[in-house]
Amino acid sequence: MKTPLIEFCKVTKRFGDQTVLDNVDMSLYEGEVSTIIGKSGVGKSVLLKHIIGLLQPDAGEILLHGQPINTMSKTDRKAAFGRISYMFQNNALFDSLTVYENIAMPLRHTTRLSRSDIDARVLERIRQTELEEVTHKYPAELSGGMQKRVALARALVTNPEIVLFDEPTTGQDPIRRNAILSMIAQYQHELGFTAVLISHDLPDVFFISNRIIALYDGAIVFQGTPEDFDDFEHPFRYEFIRSLETLQEELTGLYTRRHFKTRYQTELNDNPKFDDFAMLIITIDNLTDLQGELGHTAVQEFIQTIGTFISKHFSEVGGFSTRYSFNQYTTVLPYADMDEARSLAQNFAADFIRNGIPQMQKFVFTEMACKDAVAVTMRAGVAPGKRHVEIDTIIAKAESSQETLLEFNASCKGRET
């Protein structure tokens with residue numbers, strides 16, 4: 001069994017008479033994105049502060065690479081915490097410093113690197129986060145998304161093993177919020193650090209998380225994959241999830257995965273009227289390449305546009321849809337057979353070519369920063385549905401039958417995103 005990178009063992013933390021963390025057991029694994037969720041004031045930030053060493057537990061212990069932190073020598077403890085970086089909720093950029101100076105600050109104050117080594121490290125992070133054009137600007141001159149990128153570059157400049165993100169998308173609209181999450185996921189994948197997030201952004205954060213951790217009444221009541229969380233039943237869901245997660249995902253306007261599965265179960269699986277139906281899968285290839293050319297914000301607008309067209313076409317015929325993964329959409333068509341489902345998919349493709357692509361050329365691709373046109377392929381697959389068959393089984397059959405639905409080139413001309 002894999003050893004956790006960070007492990008909380010029966011950790012308790014009190015502030016006066018208030019117990020904030022009560023016998024907490026938690027495991028965080030190397031190279032993963034873990035997201036801690038819970039109501040405001042339940043102790044999520046307290047958890048992060050224990051990880052970074054700003055707080056010490058009143059009882060229990062915290063292990064790093066299997067070794068209790070409280071038994072480490074002072075030198076080893078300092079080295080361990082030096083491999084952890086923190087991205088603050090409000091970015092915490094210094095208004096009097098340029099982008100370059102903000103990013104360089106951790107190296108200047110916590111290392112003995114030479115000026116040339118600092119310069120090389122800072123410029124590399126600036127290049128990776130696409131900030132070359134604003135290197136000598138001040139935070140007040142940047143958009144909110146740019147400021148987030150500067151904060152991320154500063155968090156990564158020390159080559160951390162672990163990066164902690166405290167509500168990184170607070171106050172952002174759905175497109176910008178998903179762009180920031182996508183940016184975190186991209187750099188986590190490219191640079192290999194372990195990411196720990198505090199977030200309220202359900203279900204958006206599920207698309208980038210390997211592990212979900214739910215904090216409730218001072219205890220961890222769930223830790224596992226986003227897929228496992230779909231089936232999690234606990235008072236936590238009624239007090240937290242239902243207060244945040246509407247029937248529809250904000251970005252696309254489609255059903256959340258949980259409500260999609262719930263509707264499938266209650267309306268189709270248990271209803272003899274729908275003994276046979278059709279399942280449609282639409283997959284967008286090259287979405288990661290497109291993100292590299294257009295930027296994170298433009299790709300989220302792209303995703304939003306596709307969701308709008310899917311809802312428009314398939315809800316009119318009684319279908320219901322969800323964004324099932326980063327680049328895949330799933331639709332149940334209760335009143336359609338296989339031939340009708342294929343025809344509906346072709347009608348969708350024709351409308352998307354006629355109206356969707358010109359709309360994106362005008363509002364998504366136009367004036368977005370990119371170098372070369374990117375070929376985008378949309379594939380579709382259908383499968384027959386049957387009552388009492390697990391929805392994931394039907395989806396897998398639809399995936400295996402996918403063929404090219406349409407292809408087009410995304411091209412644009414430069415401005416910052």
request  = Carefully, step by step, assess Glu32 and Gln188 under the rule side chain to side chain donor-acceptor pair (under 3.5 Å).
outcome  = CA-CA 8 Å; Glu32 291 189 347; Gln188 187 275 333; over 6 Å; no

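Residues Phe229 and Phe206 place their aromatic rings such that the two centres sit under 6.0 Å apart. Between Phe348 and Phe314, the distance from one ring center to the other falls under 6.0 angstrom. Two rings, from Phe352 and Phe309, have their centers less than 6.0 Å apart. A distance of 6.0 Å or more separates the ring centres of His234 and Phe222. The ring of Phe320 has its center closer than 6.0 angstrom to the ring center of Phe260.
Within 6.0 Å of CD in Glu390 there are 12 or fewer heavy atoms belonging to other residues, nucleotides or ligands. Around atom CD of Glu132, more than 12 heavy atoms belonging to other residues, nucleotides or ligands sit under 6.0 Å away.
The main-chain N or O of Pro160 is never found under 3.5 Å from a side-chain atom of Arg83 such that the two would form a donor-acceptor pair. Of the possible donor and acceptor atoms, none in the side chain of Ser182 sits under 3.5 Å from a partner among the backbone N and O of Asn178. Put simply, the side chain of Asn327 gets close to the backbone of Ile284: a donor and an acceptor are under 3.5 Å apart.
Not counting sequence neighbours, His189 has no partner by the side-chain hydrogen bond (donor to acceptor under 3.5 Å, both in side chains) test. Under the side-chain hydrogen bond (donor to acceptor under 3.5 Å, both in side chains) criterion, Thr35 pairs with Ser209, sequence neighbours left out.
To the nearest 0.5 angstrom, Leu152 atom CG is 10.0 Å from Ile180 atom CD1. Between Ile162 atom CD1 and Ser85 atom OG the span is 10.5 Å, to the nearest 0.5 Å. Here the straight-line distance linking atom OH of Tyr264 with atom CD1 of Ile394 works out to 3.5 Å at 0.5 Å rounding. To the nearest 0.5 Å, atoms CG (Leu54) and OH (Tyr86) are separated by 7.5 Å. For the atom pair CG of Leu93 and OH of Tyr138, the computed distance is 13.5 Å after rounding to the nearest 0.5 Å.
Taking each heavy atom of Leu63 and Pro68 in turn, the nearest pair found is CG-N, 3.9 Å. Closest heavy-atom contact between Asp22 and Thr19: CB-CG2, 3.9 Å. Heavy-atom minimum distance, Leu405 versus Ala380: CD2-CB, 4.0 Å. Across all their heavy atoms, Gln147 and Leu142 have their closest contact at NE2-O, 3.3 Å.
Classification of Arg177 and Glu250 as a salt-bridged pair holds, one side-chain N sitting under 4.0 Å from a carboxylate O. Taking a cutoff of 4.0 Å between a charged side-chain nitrogen and a carboxylate oxygen, Arg387 and Asp276 do not qualify as a salt bridge.
Annotation: side chain of Gln300 is in contact with side chain of Leu251 (closest heavy-atom distance under 4.5 Å). Between Leu333 and Met279, every side-chain heavy-atom pair lies at or beyond the 4.5 Å cut-off.
Put simply, the residue from Leu28, Asp76, Ile51, Ile69 that forms a side-chain contact (heavy atoms from CB on, under 4.5 Å) with Leu64 is Ile69. When Glu7, Glu161, Glu30 are each tested for a side-chain hydrogen bond (donor to acceptor under 3.5 Å, both in side chains) with His65, only one passes: Glu161. When the options Thr283, Asp285, Thr404 are evaluated for a side-chain hydrogen bond (donor to acceptor under 3.5 Å, both in side chains) with Arg379, the one that passes is Asp285.
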